[in-house]
Amino acid sequence: MTTILEPDVAQLGIMNAMLHGSTATTSMAELKGHLDDSPHEFAVVLGPSVPIHEATEFAQHARINRPDLGVILLRHGVDSDTLSVALRSGMREVVEARDLAGLTTAVHRARSVAKEISQALEEDARAAAEAAIAEAAAARAAAQAAADAPQAQVITVFSTKGGVGKSLVATNLGVALSDAGQRVCLVDLDVNSGDVAIMLQLTPTRTINDLVAFNGQIDPDSLSTILTTASDRLSLMAAPVRLDSPDHAAATDVGLMIETLKGMFDFIVVDTSGVFDDHALTALDRTDTIVLVGTLDIPALKALKLATGTLDLLNFGRDSWKFVLNRADGKVGLTVAEFESTLGLKADATLVSSREVLAAVNRGEALVKAYPSHANSKAIVEFARTFTRSDAVSGKKGARRRLRKA
């Protein structure tokens with residue numbers, strides 16, 4: 001429909017007769033009120049008595065808020081200045097007041113343009129809705145794919161006493177898993193004195209502190225650039241090689257790193273510093289299995305008792321713990337049974353004292369590779385199998401992230 005604005009009642013009658021079926025208004029307020037109630041109007045004819053500044057203000061407003069509304073200006077005389085001002089404000093056409101045919105044609109054109117704009121807006125809205133639906137479906141599919149994608153088991157090797165063989169166990173466990181066909185990433189979180197790289201005779205050029213450069217935007221591609229390759233299936237996130245590094249990875253960086261690595265590997269084996277620092281707690285929060293390491297002596301037993309007590313307080317369930325007893329053949333007046341009874345844990349693997357262990361460490365070789373027939377190598381390989389059996393893999397979900405008690 002068409003609406004006419006003309007304050008002069010006599011002129012309004014003439015225009016209303018010219019445009020049969022149109023709606024007549026005599027004030028700008030009346031016009032705007034009618035348009036608010038009539039969203040499908042396609043043309044407004046501003047009569048010759050409407051001041052030019054009111055006409056241009058209305059046209060500018062309509063251009064932004066009602067782009068499908070055609071504004072036609074009538075003037076008793078049309079000159080270049082009037083045309084220029086009118087068209088700059090967004091009016092569709094300027095017609096002489098006496099030109100009945102020109103006015104009728106302008107209204108018809110306004111109807112056609114309004115129809116085209118309306119169809120275009122509908123198509124845009126439909127396309128936007130389809131795009132939104134497709135985007136939502138893609139997001140759901142991506143989320144489902146991420147949920148269904150295999151996630152690495154995270155194994156954190158921990159002990160609060162140094163010299164018990166924690167790094168030895170972590171390194172050889174990682175090598176044994178990779179030799180069993182698993183994709184493994186060793187993560188050395190002992191940022192002050194990590195030994196995993198030395199034990200594998202590796203010389204890292206990038207370390208965990210390089211996470212800082214990613215500014216929290218950690219993804220598989222970026223992580224790949226700072227991993228050190230040990231073999232086809234074994235990689236290392238190395239500890240810093242310098243203590244005076246200007247950058248230090250924060251716990252949030254470590255958390256993001258582990259979460260990202262879980263989508264890149266089958267197993268992540270974390271070697272910790274031996275204290276409940278932010279890095280260790282971040283790893284433990286994302287751990288499926290905690291491997292505790294101790295030696296057959298009273299100081300180690302005391303340290304492990306303190307560690308297990310702290311883990312209990314932090315609500316890390318004991319069903320996720322495993323225990324490796326190193327140098328279990330020592331004749332030191334303390335038996336394995338006494339150690340296990342006092343600690344309240346049964347050893348899942350026992351290692352014996354051996355010169356070959358030190359020889360492999362000094363050569364930068366994993367014991368399981370340097371001496372595969374050694375009793376310790378066999379024990380570690382068998383221990384690694386407990387993680388790759390089908391029941392262990394299928395049961396790993398649900399133990400992943402624990403809530404620590406306040």
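Predicted model only: the values in this text are computed from it and were never measured. Sequential numbering from 1 along the given sequence is applied to the chain's residues.
Inter-residue side-chain proximity for Leu177 and Phe265 is flagged as unmet; no heavy-atom pair is nearer than 4.5 Å. By the 4.5 Å heavy-atom criterion applied to side chains, Lys322 and Thr386 are counted as neighbours. Residues Thr3 and Ser38 are not in side-chain contact: their nearest non-hydrogen atoms beyond the backbone lie 4.5 Å or more apart. Under the 4.5 Å side-chain criterion, counting only non-hydrogen atoms from C-beta, Leu292 is not in contact with Leu343. Here the side chains of Val45 and Leu19 are in contact, with some heavy-atom distance below 4.5 Å. The shortest distance between side-chain heavy atoms of Thr308 and Arg318 falls below 4.5 Å. Annotation: side chain of Asp195 is not in contact with side chain of Thr171 (no heavy-atom distance under 4.5 Å). Side-chain contact between Val187 and Ile258 is absent, with no heavy atoms from C-beta onward closer than 4.5 Å.
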Task: side-chain contact (heavy atoms from CB on, under 4.5 Å) evaluation trace for Glu382 with Lys378 - done: CA-CA 6 Å; Glu382 181 58 33; Lys378 293 180 180 179; over 6 Å; no
Task: Check against side-chain contact (heavy atoms from CB on, under 4.5 Å), Thr289 and Phe267 - done: CA-CA 11 Å; Thr289 304; Phe267 286 89; over 6 Å; no
- [ ] Show your working on side-chain contact (heavy atoms from CB on, under 4.5 Å) between Asn376 and Leu168 and close with a plain yes or no.
- [x] CA-CA 11 Å; Asn376 287 349; Leu168 174 77; over 6 Å; no
- [ ] Any chance you could lay out the side-chain contact (heavy atoms from CB on, under 4.5 Å) test for Thr156 and Ile268, step after step, and finish with the verdict?
- [x] CA-CA 8 Å; Thr156 297; Ile268 301 168; over 6 Å; no
TODO: Show the numbers, then the answer: is there a side-chain hydrogen bond (donor to acceptor under 3.5 Å, both in side chains) between Thr105 and Arg109?
DONE: CA-CA 6 Å; Thr105 302; Arg109 277 198 292 263; 5.4 Å; no
- [ ] Before giving the answer on side-chain hydrogen bond (donor to acceptor under 3.5 Å, both in side chains), spell out for Asp79 and Thr82 the whole-Å C-alpha distance, their side-chain angles and the decisive distance to 0.1 Å.
- [x] CA-CA 5 Å; Asp79 54 29; Thr82 302; 2.7 Å; yes
- [ ] Determine, step by step, whether His374 and Ser354 satisfy the side-chain hydrogen bond (donor to acceptor under 3.5 Å, both in side chains) criterion, reporting the C-alpha distance in whole Å, the side-chain angles of both residues, the deciding distance to 0.1 Å, and the verdict.
- [x] CA-CA 9 Å; His374 193 280; Ser354 172; 2.7 Å; yes
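Within 6.0 Å of the CG atom in Asp36, the count of heavy atoms belonging to other residues, nucleotides or ligands exceeds 12. Other residues, nucleotides and ligands place no more than 12 heavy atoms under 6.0 Å from the CG atom of Asp278.
Under the rule for a salt bridge (Lys or Arg N to Asp or Glu O under 4.0 Å), Arg63 has no partner lying at least two apart in sequence or in another chain. Evaluation of the side chain to side chain contact (heavy atoms under 4.5 Å, CB included) rule for Asp99 yields Val95, Glu96, Ala101 as partners, not counting sequence neighbours.
Residue pairs meeting the salt bridge (Lys or Arg N to Asp or Glu O under 4.0 Å) criterion with at least one partner in residues 344-354, sequence neighbours excluded, are Glu340-Lys346. Applying the salt bridge (Lys or Arg N to Asp or Glu O under 4.0 Å) test to pairs two or more places apart or on separate chains, none has a residue in residues 39-62. Applying the salt bridge (Lys or Arg N to Asp or Glu O under 4.0 Å) test to pairs two or more places apart or on separate chains, those with a residue in residues 200-220 are Arg206-Asp210. Identified under the ring pair (Phe, Tyr, Trp, His ring centres under 6.0 Å) test for residues 153-190, with sequence neighbours left out: Phe158-Phe276.
Atom CG of Leu311 and atom CG of Leu284 lie 6.5 Å apart (nearest 0.5 Å). Note: Lys166 NZ to Asn326 CG = 12.5 Å, rounded to the nearest 0.5 Å. To the nearest 0.5 angstrom, Leu35 atom CG is 9.5 Å from Leu5 atom CG. Of the inter-residue distances, the one linking Leu325 atom CG with Thr295 atom OG1 reads 7.5 Å to the nearest 0.5 angstrom. In this structure, CZ in Phe316 is found 4.5 Å from CG in Asp285, a value given to the nearest 0.5 Å. Atom-to-atom distance recorded for Glu365:CD and Gln201:CD is 7.0 Å, nearest 0.5 angstrom.
Closest of all the heavy-atom pairs between Cys185 and Leu227 is SG-CD2, 3.9 Å. Of all heavy-atom pairs between Ala360 and Ala370, the closest is CB-CB, 4.2 Å. Closest heavy-atom contact between Ser222 and Gln217: OG-O, 4.1 Å. Residues Arg75 and Ala55 share a closest heavy-atom pair of NH2-CB, 4.5 Å. Across every non-hydrogen atom of Ala379 and Thr350, the tightest pair is CB-O, 3.7 Å. Closest approach of Gly174 and Leu186 over heavy atoms only: CA-CD2, 4.3 Å.
Side-chain N or O atoms of Arg111 include none that pairs as donor or acceptor with a backbone N or O of Phe42 at under 3.5 Å. Listed for the Ser84 side chain is no donor-acceptor partner under 3.5 Å among the backbone atoms of Ser80. Proximity of a side-chain donor or acceptor of Lys161 to a complementary backbone N or O of Lys302 within less than 3.5 Å is not detected. The closest donor-acceptor contact from the side chain of Asn209 to the backbone of Ala249 lies under 3.5 Å. When atom types are taken as modelled, the side chain of Asp271 and the backbone of Asp188 share no donor-acceptor pair closer than 3.5 angstrom. A donor-acceptor pair under 3.5 Å is formed between the side chain of Thr25 and the backbone N or O of Ile4. Of the possible donor and acceptor atoms, one in the side chain of Thr160 sits under 3.5 Å from a partner among the backbone N and O of Ala303. Between the side chain of Ser377 and the backbone N or O of Leu367, at least one donor-acceptor pair lies under 3.5 Å. Here the side chain of Asp288 pairs a donor or acceptor atom with the backbone of Val154 at under 3.5 angstrom. Here the side chain of Asn362 pairs no donor or acceptor atom with the backbone of Ala359 at under 3.5 angstrom.
Taking 4.0 Å as the cut-off between side-chain N and carboxylate O, Lys369 and Asp179 count as a salt-bridged pair.
Remark: of the listed residues Leu74, Ile72, Val71, Val71 is the sole one forming a side-chain contact (heavy atoms from CB on, under 4.5 Å) with Leu46.
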